[in-house]
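In what follows, a structure is listed as structure tokens, so that the remarks can point back to it.
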Amino acid sequence: MTKDELSQLRKLKNEIRLLKEQKAEIRQRMSGMRTPSSVQASSKCEPYQKHNITIQGVAKSETGVFSAENKKLQKIKLDIAERERRCIAEYDRLNTFIGNVQSSEIRQILTLYYINGMSWRQVAFKIGHHDEQYPRRKCEKFLEMTKMTKSKC
């Protein structure tokens, strides 16, 4: 398995987070699309007294802008569901690969970095080292070795 293949889960998780942010923005815009039921006005002539006027019109769900935003929202919901499905499949694939690794330390490094999404520094501290280069080098060496073994077969 290559670094790129291992990184897919991290990338999918980030993509899902971005889609959820877009979804929240659209919902925010949609919630602001309210037709006020009444407004304050004043008469044309003196004494210019304020009074309420009731507005009657089209419901916000019938406007073109609302409809377009709603379509975007539905598409993003479908995109999120698809990415989450891919995420689960990728998680299973990575777990199977990592479970077959002989070295406990390498399994921990791969799990912490590629599945849990920790930084190299966090991984180093978690496995008891203070240099973030240590887990990165161990991982790169392991991946290079697996690439060489595959090419020999």
**Prompt:** After noting the C-alpha distance and the side-chain angles of Gln22 and Leu18, does the key distance pass the side-chain contact (heavy atoms from CB on, under 4.5 Å) rule?
**Reply:** CA-CA 6 Å; Gln22 286 178 352; Leu18 292 173; 5.8 Å; no
**Request:** Please lay out, stage by stage, how Glu144 and Lys141 fare under the test salt bridge (Lys or Arg N to Asp or Glu O under 4.0 Å).
**Result:** CA-CA 5 Å; Glu144 192 62 39; Lys141 185 177 177 182; over 6 Å; no
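The pair Glu140-Arg137 does not meet the salt-bridge criterion, since no charged nitrogen lies less than 4.0 angstrom from a carboxylate oxygen. Glu15 has no carboxylate O lying under 4.0 Å from a charged side-chain N of Lys11, or vice versa, which leaves the two without a salt bridge.
Counting heavy atoms of neighbouring residues, nucleotides and ligands inside a 6.0 Å radius, atom NZ of Lys126 does not exceed 12 of them. Within a 6.0 Å sphere centred on NZ of Lys77, other residues, nucleotides and ligands contribute more than 12 heavy atoms.
Side-chain contact between Leu143 and Leu6 is present, with at least one heavy-atom pair separated by less than 4.5 Å. In this structure, Glu84 and Ile16 have side chains that are in contact, with non-hydrogen atoms separated by less than 4.5 Å. With contacts defined as side-chain heavy-atom distances shorter than 4.5 Å, the pair Phe142/Val101 qualifies. Residues Ile80 and Lys20 have side chains in contact (heavy-atom distance under 4.5 Å, counting atoms from C-beta outward). Contact of the Leu78 side chain with the Glu82 side chain is not registered, since no non-hydrogen atoms from C-beta on lie closer than 4.5 Å.
Minimum heavy-atom separation, Thr96 to Asn100: O-ND2, 3.1 Å. The two residues Leu112 and Ile127 come nearest to each other via the heavy atoms CD1-CG2, 4.0 Å. For the pair Ile115 and Lys13, the tightest heavy-atom approach, listed with the atom from each and the gap, is O-NZ, 2.6 Å. The minimum heavy-atom distance between Ile106 and Lys138, with the atom names listed, is CD1-O, 3.8 Å. Tyr114 approaches Leu94 most closely through the heavy-atom pair O-CD1, 4.5 Å.
A donor-acceptor pair is defined here as one N or O able to donate and one able to accept, closer than 3.5 Å; such a pair exists between the side chain of Asp131 and the backbone of Gln133. Here the side chain of Gln8 pairs no donor or acceptor atom with the backbone of Glu5 at under 3.5 angstrom.
To the nearest 0.5 angstrom, Ile76 atom CD1 is 10.0 Å from Gln74 atom CD. Atom NZ of Lys3 and atom NZ of Lys147 lie 9.0 Å apart (nearest 0.5 Å). Here Asn95 contributes atom CG and Thr111 contributes atom OG1; the two are 6.5 Å apart, rounded to the nearest 0.5 Å. One distance of note links CG of Leu19 with CG of Asp79; it measures 6.0 Å at 0.5 Å rounding.
Contacts of Ser104 classified as side-chain contact (heavy atoms from CB on, under 4.5 Å), with partners at least two apart in sequence or in another chain: Arg107, Gln108. For the salt bridge (Lys or Arg N to Asp or Glu O under 4.0 Å) test, no residue two or more places apart in sequence or in another chain qualifies with Lys23.
Each of Gln122, His129, Arg121 was checked for a side-chain contact (heavy atoms from CB on, under 4.5 Å) with Phe125, and the lone residue meeting it is Arg121. Of the listed residues (Glu90, Arg93, Arg86), just one forms a side-chain contact (heavy atoms from CB on, under 4.5 Å) with Leu9, and that residue is Glu90.
Cation-pi contact between Arg10 and Tyr113: present, with separation from the ring centre below 6.0 Å and deviation from the ring axis of at most 45°.
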